[in-house]
Amino acid sequence: MPLLTGSVSVITSLIIPLPLAVKPLALAVAFTTGLAPAAKFLGTIYVLIGLRLPRPLPYLRSVFRFSRKISVWSMLEVLLLGVFVAYTKLGALVQMDIGAAVYALGLLTVVVVWADIVLVPDDVWEAIEHTGQTHAPMPAVRSLAFRPGDVGCETCGLVSVPEAHEHHCPRCGAALHARRPDSLNRTWAFVIAGAILYIPANYYPVLTVIQAGSGAPSTIIGGVEELLSSRMYPLALLVFFASILVPVFKLIGLAIMLMATMLVTTHSGARILLPQRTRLYYIVAWIGRWSMVDIFMESLLGALVQFGALVTIAPGVGAVAFCAVVLLTIIAAECFDPRLMWDAAAHNTHRPYELRKPLAFRSAP
């Protein structure tokens, strides 16, 4: 079913022959718009149906845990916006009509977003627990008393003592950690890698559009300038926000949170703007996926290479670098543990955090 009549379907845009340099771009688009949404959607349906049956289906715990983990990579709503941007940009070049798949994609996106809003994961985990499909036997009565060794599971939310269950959650089976392992070093590694790749992402062309034999490669900034010269001001603002501001905002935001945790020497210094930095983390973790709109637009435009010689469109190496920047910043946000900021501020006395010692300057003799 075509997205744009006379043009390309989603599957075609993913399997189209591409130069070797931009093959990773096709793999990233296939995963975020095909494999991840399908795994999340089918896994959730499997669990919900399995809980309704008189005899629950097997592996409910593992399937639901996997579907929750992979949901961060499901980007159907971003794909829908990318289709809109591609259609608007191509409208100035060729005659195109919206295909039935666009309406189907829009309806599917609404259903998926609505399902995410109404689905309460805690209720699902409790229902799975009642079926007896837990990693370890659950206590009949749970203690509500605070225990310093308790750890909250990041997958299902259950609070338990790691040592009692071999450092695994007794309900979902996920590994238990008081804090995400090596969170600061891993986050720094991905932030630095993203910052380095952001340079070629803006230097090399992300798209080459040749119309009737004329045209030239275009960088991210060049694409914004072309949209402004064509008086597509809302679209230019959208591309500028998603492709330039958001990646920079994520890199700077993560760097600020890292430095505020690692470089402070006093607990009072770690408390500065602590609630605001915590909110900043959740904004950074949510907004990063929307930078993929430019990648989805370029993958759809690149598929038009197969459909005639009047307009030739091909993604460039800059698009691969930019896609890597977006994915690396998403991973960096997933690696960072915002609870460390509260530990550094001494708000969790049962989890002491060793601050950096201030530099000692020796006076000259």
Side-chain angles (χ1 to χ4, degrees), residues 35-74 112 115-187 278 281-282 285 330-343 347-354:
L35 298 179
K40 173 189 173 183
F41 194 65
L42 295 176
T44 303
I45 291 178
Y46 176 87
V47 172
L48 294 179
I49 293 178
L51 290 173
R52 290 287 184 179
L53 297 176
R55 184 177 180 180
L57 295 175
Y59 308 111
L60 295 179
R61 167 175 55 88
S62 301
V63 172
F64 191 61
R65 187 178 68 185
F66 176 76
S67 65
R68 299 303 298 174
K69 288 291 186 181
I70 205 171
S71 62
V72 68
W73 301 106
S74 177
V112 170
D116 286 338
I117 293 174
V118 300
L119 181 66
V120 182
D122 290 343
D123 293 343
V124 178
W125 282 118
E126 290 180 2
I128 293 175
E129 180 181 339
H130 293 156
T131 66
Q133 297 187 27
T134 57
H135 178 72
M138 301 293 295
V141 179
R142 297 179 186 173
S143 174
L144 299 180
F146 173 75
R147 295 169 295 182
D150 280 347
V151 171
C153 177
E154 293 193 50
T155 300
C156 70
L158 182 70
V159 177
S160 61
V161 179
E163 290 77 9
H165 307 282
E166 299 181 349
H167 295 273
H168 283 79
C169 175
R171 182 161 65 182
C172 71
L176 292 178
H177 304 282
R179 296 294 182 261
R180 295 175 186 173
D182 206 15
S183 171
L184 299 179
N185 290 332
R186 290 182 179 181
T187 306
T278 305
Y281 166 75
Y282 289 104
I330 293 176
I331 298 174
E334 291 296 312
C335 289
F336 183 73
D337 195 332
R339 295 171 296 184
L340 291 174
M341 296 189 293
W342 293 81
D343 294 343
H347 283 292
N348 298 321
T349 55
H350 60 289
R351 301 201 187 280
Y353 182 88
E354 184 178 354

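One-based numbering along the sequence shown.
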With sequence neighbours left out, the residues meeting salt bridge (Lys or Arg N to Asp or Glu O under 4.0 Å) with R171 are E129

| request: Report yes if some heavy atom in the side chain of V63 is under 4.5 Å from a heavy atom in the side chain of L57; otherwise report no. | output: no

Quiz prompt | side chain to side chain contact (heavy atoms under 4.5 Å, CB included) between L158 and M138, intermediate numbers included | solution = CA-CA 11 Å; L158 182 70; M138 301 293 295; 3.6 Å; yes

- prompt: Would a distance-only check, ignoring hydrogens and angles, find a side-chain to backbone donor-acceptor pair under 3.5 Å from S74 to S71?
  reply: no

The side chain to side chain contact (heavy atoms under 4.5 Å, CB included) partners of A174 (sequence neighbours excluded) come to R65, C153, T155, C172

To the nearest 0.5 Å, atom SG of C156 lies from atom NE2 of H135 at 11.5 Å

Would you mind writing out the side-chain donor-acceptor pairs for residues 37-44 within the sub-3.5 Å range, not counting sequence neighbours?
{"unit_1": "K40", "atom_1": "NZ", "unit_2": "D116", "atom_2": "OD1", "d": "3.2"}
{"unit_1": "K40", "atom_1": "NZ", "unit_2": "D116", "atom_2": "OD2", "d": "2.8"}
{"unit_1": "T44", "atom_1": "OG1", "unit_2": "K40", "atom_2": "O", "d": "2.8"}

Between G173 and H168, the two heavy atoms sitting closest are O-CD2, 3.1 Å

Residues at least two apart in sequence or cross-chain that pass side chain to side chain contact (heavy atoms under 4.5 Å, CB included) with L51, listed by chain then number, are V47, L60, V124, A127, I128, T131

So salt bridge (Lys or Arg N to Asp or Glu O under 4.0 Å) across residues 42-63, not counting sequence neighbours, yields none

Looking only at heavy atoms, the pair that brings L176 and C169 closest together is CG-N, 3.5 Å

query = Going by the angle between their ring planes, with limits at 30° and 60°, are Y281 and F336 parallel, tilted or perpendicular?
reply = tilted

Salt bridge (Lys or Arg N to Asp or Glu O under 4.0 Å) pairs touching residues 173-185, sequence neighbours excluded, are E154-R180, R179-D343

Hey, is OH on Y46 packed in by over 12 heavy atoms from elsewhere, all under 6.0 Å? yes

Sorted by chain and residue number, the side chain to side chain contact (heavy atoms under 4.5 Å, CB included) partners of E334 (sequence neighbours excluded) come out as V72

Please test I330 against W73 for side chain to side chain contact (heavy atoms under 4.5 Å, CB included), starting from the C-alpha separation and ending with a verdict.
CA-CA 9 Å; I330 293 176; W73 301 106; 3.7 Å; yes

Sequence neighbours excluded, the answer for side-chain hydrogen bond (donor to acceptor under 3.5 Å, both in side chains) partners of S62 is none

With sequence neighbours left out, the residues meeting side chain to side chain contact (heavy atoms under 4.5 Å, CB included) with V118 are W114

Contacts of H347 meeting ring pair (Phe, Tyr, Trp, His ring centres under 6.0 Å) (sequence neighbours excluded), chain-then-number -> W342

